[in-house]
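Let me begin by presenting the structure, written as structure tokens, before commenting on it.
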Amino acid sequence: MKVEKGPRFKYIFVNEMGLLRAGLNKQCIGKSLQEVLTHERAVSLQKEYERILHNNKLSIFSDEIFLDDGTSIFGESVLSPVKDETGLTRYVVSVTRDITDTLVEKNRLIISEQRYRSIVDHNLDAIFSIDLMGHILEVNPAARRLTGYTEKQLKKCSIFELVSDSDLPVFKSLLDNSEDGYALESLDCRFLHKNNSHLTVHIKTVPIIIDAEIKGIYVITRDVSEQAKNAETIKFMAFHDQLTGVLNRRALLDDLDESIATTKRKKQAFALISIDLDRFKYLNDTLGHLFGDEILKKVADRLAELEKKGCRVYRPGGDEFVILLHHADRKKTARFAQKILTMFTESFYLQSGEYYITPSIGISMYPNDGKDAETLLKNADEALFRVKERGKAHFQFYRSDMNSSLGNVLTLETHLRKALERDELELYYQPQVNLASGEINSFEALIRWNSPELGFITPDEFIPLAEDTGLIVPIGNWVISTACKQIKAWTDKRNQQIRIAVNISPKQFLQPSLVNVIQTAIDEAGILPSSLEIEITEGAMEDTEETIPILNRLKELGIKISVDDFGTGYSSLNYLKQFPIDVLKIDQSFVRDILVNEKNAAITTTIIHLGRSLGMEVIAEGVENKEQADFLAKANCHKAQGYLFSKPLFYLTVEEQFI
Ligand code: C2E
Ligand code: MG
Ligand code: MG
């Protein structure tokens, strides 16, 4: 372009390509910008050319050129001034390059960058872009929300500072793998929030690959703390008992299978301890189910304390608990079971009442007593059943002869049902000796069952079963009427008043018909009511509200009431005062080592004093030798009963010896 006054710029040369791209023809030569171009374009170019004159140096600009065919191109022009010797710009050379392609590519890049940013910036997952050293290079807003740090703070730290210490090894191995080009995910790392709380996160690591080279890693994380908590709750609920919070039956079966598998490999033993609460059904029935639930919770809490010792406590259902004790031989298990029993010597406080609960414990050992879960459970229950039969509140290991000796519970029950009809039950009588005079005018009736099929079965074995099955009611009634007839026969024969004591089981005691049954038996036999005595254990009298009216009604009949096994149960001195009691029977466990155990001696003497001062008769049970009898006589005990004087005897033998 030639620079003329004005300034005006006139075309003096345009090459072929220039004509083509700028949409000009040869006629432009010698004409000014204004004469050749549209007004708009002329104005804008004029400005660029004037700038050259003004600045006197090279200038670059880009613009869009619209062609005749309606298309347009982007051009980048370099304008160079050509000066004369005086330094004045006489010509301007414009070299224009078509940059349409480059520009399109650049735009494409911008759009793709924006697309990428959209994914990152608006993502709900936190995204950290890190280098191979773990330095954080970039983060999105979600990352700031997740961690609680600002972008600036995050960019200053390493990703490892955000991961919970204990999870670092897992996290590092994730990164290592991603550095090998793999995208991975994990739920096993926890992140740290600025406030030091741990976040359970779902992590994905994605390698950043540029030109086939791994330049860094995207760490994409999502806070799943809430879901994790829910999942945890669901899992907890599936394996825990809703009421007590200890593990449930399903957990027990799972753990048993697992224990068997691992113990087998290591050739070790473990113990399955089955616990049943004595008289729980009674508590439940008399005090209500809500109360029963509360008791179960307290029992579970107490048992759960044992978990500190490395065992696990389960409640498969009802009043049944199970403990799995690992790495245990018989000796260790026995000590453990004893510990459980000791734990229960302390009472439970509930609704301002005090309750004693004893557990019966049956134990089976893996692998000796069973190689699978089912057998172990069955055998522990079998052992437990034996404990229940033999007076509860202690523990028993399974023995292989248990299953065979009596057959199973069911056959025992069937036989017991028939025993009454078939006249297999008998009453034996044990004399009670007056320690001062040596006289015998009272007896305790003790039931005997000689089954043709099963042989001789002790009352400790079948009375609990009779209680559980309700058979105790007809059996008890039979005992009462048989004893009454015996009183009549012996009183007539001896021509002197004979007293017989019958044992009343707790369940029988709570039977509404009991008073009538006794009244009828007395009437039918035609005896003095005072010649019949009923023995009740402390346990049966525990609930005073219920006990007092029953005892009073029995008392009104004129019969004698004695407390059996005194001192072993739920002794409360309070009831001795409230209840119309005539006789205290000191339990044989005290009498047994009266001579060797000072405490037992002291308890025995105290009971005798207590009974005497309350105007009661005191009878010591289980007297087996002369020394014991002497001790008791010296302590002023009224009567004694035991093998020293006589075993319980068949009525004909009693008649021969005592009547
Ligand atoms: P219990 O009422 O405490 O009876 C005393 C137990 O001690 C009896 O056992 C008796 O045979 C035993 N015994 C007596 N003298 C001695 C002795 O010197 N040394 C030792 N070691 N033991 C002695 P038995 O007859 O086996 O009865 C056990 C329990 O079964 C009784 O304990 C009683 O609770 C219950 N029972 C017995 N007969 C009946 C019954 O007709 N009805 C109910 N409901 N229960 C009964
Ligand atoms: Mg008795
Ligand atoms: Mg007794």
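In listed order, ligands and their atoms are each counted from 1. Any value given below was found using the heavy atoms of this structure, including those in side chains, with hydrogens, waters and symmetry copies removed.
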contact_flag P648 ligand 1 heavy-atom lt 4.0 Å: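 Yes.
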
Any heavy atom of E444 sitting closer than 4.0 Å to ligand 1? yes

For the 3.5 Å polar cut-off, considering only N or O atoms, please tell me whether I447 and ligand 1 meet it. yes

Polar contacts were defined as any N/O atom of the residue lying under 3.5 Å from an N/O atom of the ligand; does this apply to T458 and ligand 1?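 Between T458 and ligand 1 (N or O atoms, distance only) the closest approach is not under 3.5 Å.
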
Would you tell me whether D381 and S274 have side-chain atoms, one donor and one acceptor, within less than 3.5 Å of each other?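 Note: D381 and S274 side chains meet the donor-acceptor criterion.
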
Is it the case that the side chains of K639 and S442 hold a donor-acceptor pair, with the cut-off being a distance below 3.5 Å and no angle test?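 The criterion, which ignores hydrogens and geometry beyond distance, is satisfied for K639 and S442.
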
Out of [options], whose heavy atom sits nearest [atom]?
| atom | options | result |
| --- | --- | --- |
| atom 44 (N) of ligand 1 | P506, A620, S505 | S505 |
| atom 43 (C) of ligand 1 | I472, I504, V479, N503 | N503 |
| atom 26 (O) of ligand 1 | A501, A445, P459 | P459 |
| atom 6 (C) of ligand 1 | E621, Q641, Q588 | Q588 |

Please find the N/O/S atom of E535 nearest to the Mg ion (ligand 2) and write down its name.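 Distance check against the Mg ion (ligand 2) picks out OE1 in E535.
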
Hey, is [X] touching ligand 1 through its side chain, its backbone, both or neither, going by heavy atoms under 4.0 Å?
| X | answer |
| --- | --- |
| I475 | neither |
| R448 | side chain |
| L644 | neither |

Scan N248, L296, L247, L303 and name whichever one has a side-chain contact (heavy atoms from CB on, under 4.5 Å) with R315.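 Exactly one pass, corresponding to L296.
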
Do the ring centers of Y355 and F348 come within less than 6.0 Å of each other?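 For Y355 and F348, the ring centres are not under 6.0 Å apart.
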
Partners meeting side chain to side chain donor-acceptor pair (under 3.5 Å) with S481 (sequence neighbours left out): none

For the atoms OD2 of D564 and OD1 of N503, give the angle they form at the Mg ion (ligand 2), rounded to 10 degrees.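 Angle OD2(D564)-the Mg ion (ligand 2)-OD1(N503): 80°, rounded to 10°.
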
Looking at K488 and D492, is there a salt bridge between them, counting it only when a charged N and a carboxylate O are closer than 4.0 Å? yes

For the NZ atom on K555, are there more than 12 heavy atoms of other groups (residues, nucleotides or ligands in this structure) within a distance under 6.0 Å? yes

Flag, side chain of [X] to backbone of [Y], donor-acceptor distance under 3.5 Å:
| X | Y | answer |
| --- | --- | --- |
| E461 | T458 | yes |
| Q432 | I440 | no |
| E524 | A521 | no |

Sub-4.0 Å atoms of ligand 1 with respect to non-hydrogen atoms of [X]:
| X | answer |
| --- | --- |
| Q430 | 14 (C), 15 (N) |
| E624 | 17 (C), 18 (O), 19 (N), 20 (C), 21 (N) |
| E535 | 2 (O) |

Per the ring-ring contact (aromatic ring centres under 6.0 Å, His included) rule, what does the pair list look like for residues 453-498, sequence neighbours excluded?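 ring-ring contact (aromatic ring centres under 6.0 Å, His included) check on residues 453-498 returns Y429-W490, F443-W490, W449-F462.
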
With a cut-off of 2.8 Å, does E444 place any N/O/S atom under that distance from the Mg ion (ligand 2)? yes

Let me check your reading of the structure: within less than 2.8 Å of the Mg ion (ligand 2), is there an N/O/S atom from D565? no

